[in-house]
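I have a structure here, written as structure tokens, and I will follow up with some questions on it.
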2 protein chains.
Amino acid sequence: MAATQTLPRTARAQDVAEAAGVSTATVSRAFNTPAKVAPAVRDRVFAAAAILGWLPHAAGSALARRRTSIAGVVIPTLGQEVFATQVEAMQAAFAEHDITLLIGCSNYDPDQAAQQVRTMLARGVDALAVLGQIPQAGLFEVVQARRVPFVITYGSAPGSTHPCVGFDNATAFSEITRYLLALGHQIFGMILPPTLHNERIVARLAGVRSALADEGLGLRPQHIFEGEYGILAGRKALRQILGANGPRPTAIICGNDLLAIGALFEARTMGLVVPRDLSITGFDDISMAGEIDPALTTMKVNNVEIGRLAVEYLVSQLCGEAAPSEVLILPALVERSTTAPPPK
Amino acid sequence: MAATQTLPRTARAQDVAEAAGVSTATVSRAFNTPAKVAPAVRDRVFAAAAILGWLPHAAGSALARRRTSIAGVVIPTLGQEVFATQVEAMQAAFAEHDITLLIGCSNYDPDQAAQQVRTMLARGVDALAVLGQIPQAGLFEVVQARRVPFVITYGSAPGSTHPCVGFDNATAFSEITRYLLALGHQIFGMILPPTLHNERIVARLAGVRSALADEGLGLRPQHIFEGEYGILAGRKALRQILGANGPRPTAIICGNDLLAIGALFEARTMGLVVPRDLSITGFDDISMAGEIDPALTTMKVNNVEIGRLAVEYLVSQLCGEAAPSEVLILPALVERSTTAPPPK
DNA sequence: TTGTACGCGTTATCAT
DNA sequence: ATGATAACGCGTACAA
């Protein structure tokens, strides 16, 4: 007894076409340009497809269309709210154009980032966003060779040759510094996350220095703490800075909100009242910043907007439209309750 | 003067083959099974590919291989550390198998989640993970029809028919309740995020109730606050619960760490000393939990492990191996400094 | 070890 | 409005 059982292959357009008594061309049209198919036929096709559980096969479709409807984004980590927010905004914005988002994390490692970019190209992404900076010399050329629209987000190296959507880190930190100067502060401390492979952090330090220099002031080496990330690092940093010899800073500028929150906690532990005894500023305006007590003075970076604008740029490139290759947003000072004039 | 300029098409395997003086089969082999190609030839192929900037075209490759090397994950949002962490772990684990990850956010909306799943199937994902629960009746069947390995993560409906990797929410919350009972607490409050479309939250409440019932105790309605998310919600909830008529709870069980942190902040504002006057517990063990002061007693959910195990399951399915269709991890109580025996 | 030739599933072009 | 047919680019038996 020969087993003539057809091993149930997954349905193709051909199968749907046969079931509906039409050609594969009509099946394709019914799904892609329904208006061009007679309603009765269309319904037959849909019914057949539903029964067979058929959906257009992505690879076949991509091959014929020369488009995958997949975009890629490479970020350092999803563990930071600012990056996660941006990715989520991108995903939503791309979805409006029926584009799905591939993600890759580099863990702040340029080599991993470059590898992720290559992998995404191999997956046939239609467009590509990289957070921060181009990870490797020559990589941009590879992307260009494949004619894949490309954009750098979040960071912005002014004068960079690559299309970018972001903000100017130096300017933003100059602004927050000038705000503290206007309050009357003269002695500053600064707490920074690791600067390794991170131009943005370097720019933040430069922004502070430049604003201070305009007033003939500077940042004492013992008042700079650099190299760790998170609340505990903020605590440790504040202890170290306030424990240093010489005059004590009255204002602490932190490279991000988490460090600032750590500094804030430590100030309380040390018996200092913020902002009476010490002013502290953050950066990013993460969701916690406004919810702790005292609420953190910081700068809001609209990451949703960055994500949206990046997608807008990529989509316009995809459509062959011209678009400005550098889009800058302006972080806005959010004055809350951790800043005040220095103590007398 | 006829312009015979060839508009530069992007390179195919054919072009590389010609440039290297071999057949396309050899080009393919050089990239996929290098061992089967003579070293000299291989180098010629690689050189030609490098010059032309060629990479295998994803769609063609996927069509021939019947595999896209792309997996998908659908989560409520990237804005919550627990979900972002899990996604990041999945991305890393998939990368080891040369699989790239597509993400979709549902914003806690079952319809959006279902749509994301459909989109991913249309993109030809090789495997699919959905965080929480299956969003729609009938959707699982669609996935099965396409023979796409599938797993539910994070949540676990015991007795569910779908493969899942997660933990038992009810059991976990029973455990934390028993811990507080053992410390001597008798009157409990509970603060919960929105339960709408979220079985996991419902299970947490049930877990607490069940552990209390074992001791003949219960949760008074005025001691349950439900429906908002975040630090501010935690503050508001504590105010409301402690302001209610009747006996005051000595322990507050929170549905997650952020609510617990809010409650902790509010307790301080109200002049209460935690844990002397009031015990508070969280859930998840987000990075902040151990960094605030007093450090939060909570339960650690190893989301990295969940992500890893989910990928392991999916990959084994992809390889046609058998694998247990329900994998449970055990959240672990992390006893820190927000819990103590109740005041006399 | 290498080449030939076919199939993968869809869409676009061109006829009808 | 619909059908026939030719790409689309790669991987892989099979043959040499």
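Quick caveat, the model's predicted, so the values are computed rather than measured. Letters go in sequence order (proteins before strands), and every chain restarts at 1.
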Original post:
Under 3.5 Å, side chain of A:D126 to main-chain N/O of A:R67, donor-acceptor pair present?
Top reply: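 No; judged by distance alone, with no hydrogens or angles, the pair does not exist.
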
**OP:** Please find out if less than 6.0 Å separates the ring center of A:F46 from that of A:W54.
**Re:**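 No; A:W54 has its ring centre 6.0 Å or more from that of A:F46.
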
Original post:
So, do A:Q86 and A:V304 sit near enough that their side-chain heavy atoms are less than 4.5 Å apart?
Top reply: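 They are not in side-chain contact.
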
Original post:
Can you tell me if the side-chain N/O atoms of A:T26 get under 4.0 Å from OP1 or OP2 in D:dG3?
Top reply: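 For A:T26, the contact criterion (side-chain N or O under 4.0 Å from OP1 or OP2 of D:dG3) is met.
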
Subject >> Helix axis bend for the helix from C:dT1-D:dA16 to C:dT16-D:dA1 - C1'-based end axes, five pairs, 10° rounding >> reply: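 About 30°, once rounded to a multiple of 10°.
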
Original post:
Tell me, which pairs form a ring pair (Phe, Tyr, Trp, His ring centres under 6.0 Å) where one or both residues lie in residues 76-131 of chain B, sequence neighbours left out?
Top reply: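 For residues 76-131 of chain B: B:F83-B:Y154.
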
**OP:** Using the test side-chain hydrogen bond (donor to acceptor under 3.5 Å, both in side chains), find all partners of B:N107 that sit at least two apart in sequence or belong to another chain.
**Re:**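 Result, side-chain hydrogen bond (donor to acceptor under 3.5 Å, both in side chains) vs B:N107: B:Q112.
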
**OP:** Could you tell me the separation between the CZ atom of A:R29 and the P atom of C:dT10, rounded to a whole number of Å?
**Re:**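 Atom-to-atom, A:R29 to C:dT10, this comes out as 15 Å.
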
Subject >> Rounded distance (Å) that lies between atom C1' of C:dT10 and atom CZ of B:R123 >> reply: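 Roughly 15 Å, once rounded to whole Å.
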
**OP:** Among residues two or more places apart or on two chains, list those pairs meeting salt bridge (charged side-chain N to carboxylate O under 4.0 Å, His left out) that have a residue in residues 26-48 of chain A.
**Re:**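 Listed by first then second residue: nothing to list.
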
Original post:
Contact class for A:V37 vs. all strands (heavy atom < 4.0 Å): base, sugar-phosphate, or nothing?
Top reply: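 A:V37: backbone/sugar contact only, no base atoms under 4.0 Å.
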
Between the protein and nucleotides 6-10 of chain D, are there any N/O to N/O pairs under 3.5 Å, and if so, what are the atom names and distances?
residue	atom	partner	partner atom	Å
D:dG9	N2	B:G60	O	3.2
D:dC10	OP1	B:W54	NE1	2.9
D:dC10	OP1	B:H57	N	3.1
D:dC10	OP2	B:A13	N	2.5

**OP:** Check every strand shown and say whether A:V27 touches a base, only sugar-phosphate, or nothing at a heavy-atom separation below 4.0 Å.
**Re:**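 Answer is nothing: A:V27 stays at 4.0 Å or more from every strand.
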
**OP:** Specify the separation, in whole Å, of atom CZ of B:R67 and atom C1' of C:dG7.
**Re:**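 About 18 Å, once rounded to whole Å.
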
Original post:
About how many Å separate CD of B:Q14 and CD of B:E18, when rounded to the nearest 0.5 Å?
Top reply: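 B:E18 CD to B:Q14 CD: 4.5 Å, rounded to 0.5 Å.
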
Original post:
Do you know which two heavy atoms are closest between B:R146 and A:L55, and how far apart they sit?
Top reply: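 Distance-wise, the nearest heavy atoms are NH2-O, 2.6 Å.
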
Original post:
For A:R308, what residues pass the salt bridge (Lys or Arg N to Asp or Glu O under 4.0 Å) criterion, not counting sequence neighbours?
Top reply: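 Salt bridge (Lys or Arg N to Asp or Glu O under 4.0 Å) list for A:R308, sorted by chain: A:E305, A:E312.
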
Original post:
Roughly, in whole Å, what's the span from CZ in A:F31 to C1' in C:dT11?
Top reply: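 About 14 Å, once rounded to whole Å.
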
**OP:** Measure from CD on B:E18 to P on C:dG3 and round the result to the nearest Å.
**Re:**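 From B:E18 CD to C:dG3 P: 12 Å.
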
